[in-house]
Amino acid sequence: MDVSLTLIIVMAVLFACGVYAMLERSLTRVLIGFLLLGNATNLLLLIVMGVPGNAPFYGAEDGMSDPLPQALTLTAIVITFAVSAFLLALIYRSWQLGQADTVEDDETDIALRERTDADEDVMDDEDDVEDDDATTDFVGVQTAPITVLHMRDHASIDDAAPMDRPIAPVEPEPSSTDVDPQEQTHDPREEDRP
């Protein structure tokens, strides 16, 4: 028996056991199944890598290993670790709340299990009805996520402008209390000088 054939058989067994364990109601078994699937994925990437060779940075052109499966394997290890930590936290919290890690049936699960074929046909008929009038989820202006401003909304917006231009600064008009700068002869800064 060749080594690659052995790896393929082990990988297939790990995938089968992992999928079977993940279909259980116990969160601990789901965690074990996920770990088996992660290891099976790592073996799959190891098989895809092909014949072992020199490291990619070694400098030799021939006999070099493919670095992509190695990078994917590292990524798969990190993802498996992160999801396993999350599942462990779920298991711990479930054990704290209910002294069990089994996912129980709720009302929705029971209602789905008790549905008949006639109920399924009614639901299929409801799915066939298509509403061609609505082309988007945001139909009305009130619920639109983007507000389009027009000239009446803001004074500096020109609806007919072909391109955006900076707004020219507006100089304030002199009022009756303002003094003309040419008529001003007294500089207050001169008083501070010695």
Side-chain angles (χ1 to χ4, degrees), residues 1-57 65-147:
M1 189 181 279
D2 196 9
V3 176
S4 62
L5 183 60
T6 306
L7 285 177
I8 290 172
I9 291 172
V10 169
M11 179 199 65
V13 169
L14 284 176
F15 268 122
C17 293
V19 168
Y20 178 76
M22 284 187 73
L23 294 175
E24 295 291 325
R25 289 269 194 192
S26 172
L27 290 176
T28 305
R29 291 183 183 172
V30 170
L31 173 65
I32 292 170
F34 185 76
L35 290 173
L36 290 174
L37 280 177
N39 289 327
T41 304
N42 293 339
L43 276 178
L44 173 68
L45 292 170
L46 183 69
I47 292 168
V48 168
M49 189 168 24
V51 180
N54 295 329
F57 54 85
S65 292
D66 187 12
L68 182 62
Q70 298 172 17
L72 291 176
T73 303
L74 287 173
T75 306
I77 290 170
V78 171
I79 291 171
T80 303
F81 177 75
V83 175
S84 300
F86 178 68
L87 282 172
L88 279 172
L90 283 179
I91 292 168
Y92 178 71
R93 187 66 177 155
S94 174
W95 185 260
Q96 272 187 336
L97 293 176
Q99 297 299 319
D101 68 339
T102 305
V103 178
E104 298 295 331
D105 287 339
D106 58 356
E107 294 84 19
T108 309
D109 291 331
I110 295 170
L112 282 174
R113 196 176 307 129
E114 292 175 353
R115 258 196 331 211
T116 61
D117 291 336
D119 296 335
E120 292 287 334
D121 292 338
V122 169
M123 292 192 68
D124 288 341
D125 292 340
E126 290 175 1
D127 290 340
D128 291 340
V129 176
E130 294 182 12
D131 188 14
D132 292 335
D133 296 337
T135 58
T136 179
D137 291 338
F138 305 104
V139 177
V141 177
Q142 312 309 355
T143 60
I146 298 173
T147 304

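The structure displayed is predicted, hence computed values, not measured ones.
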*Is the number of heavy atoms from other residues, nucleotides or ligands within 6.0 Å of CZ (Arg25) greater than 12?*
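Check passes, neighbour count above 12.
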*For Glu107, does the CD atom sit with more than 12 other heavy atoms under 6.0 Å from it, leaving out its own atoms?*
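Result for CD/Glu107: open.
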Nearest heavy-atom neighbours spanning [X] and [Y]:
X: Gln96; Y: Gln99; value: O-NE2, 4.2 Å
X: Cys17; Y: Leu36; value: CB-CD1, 3.9 Å
X: Ala21; Y: Gly33; value: CB-CA, 3.6 Å
X: Ala76; Y: Asn42; value: CB-OD1, 3.4 Å

*Would a 4.5 Å heavy-atom cut-off, applied to side chains only, mark Leu43 and Asn39 as touching?*
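Leu43 vs Asn39: side chains apart.
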_Pairwise side-chain contact, Ser84 with Leu31, heavy-atom cut-off 4.5 Å (strictly under)_ =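 Yes, at least one pair of side-chain atoms sits under 4.5 Å.
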Once rounded to the nearest 0.5 Å, what's the spacing between atom [atom1] of [X] and atom [atom2] of [Y]?
X: Thr73; Y: Leu68; atom1: OG1; atom2: CG; result: 9.0 Å
X: Ile79; Y: Phe34; atom1: CD1; atom2: CZ; result: 8.0 Å
X: Leu46; Y: Gln70; atom1: CG; atom2: CD; result: 9.5 Å
X: Leu37; Y: Leu44; atom1: CG; atom2: CG; result: 11.5 Å

*Ile8 and Ile47: CA distance, side-chain angles, deciding distance, side-chain contact (heavy atoms from CB on, under 4.5 Å) verdict*: CA-CA 7 Å; Ile8 290 172; Ile47 292 168; 3.7 Å; yes
*Taking it one step at a time, do Leu90 and Leu87 satisfy side-chain contact (heavy atoms from CB on, under 4.5 Å)?*
CA-CA 5 Å; Leu90 283 179; Leu87 282 172; 4.3 Å; yes
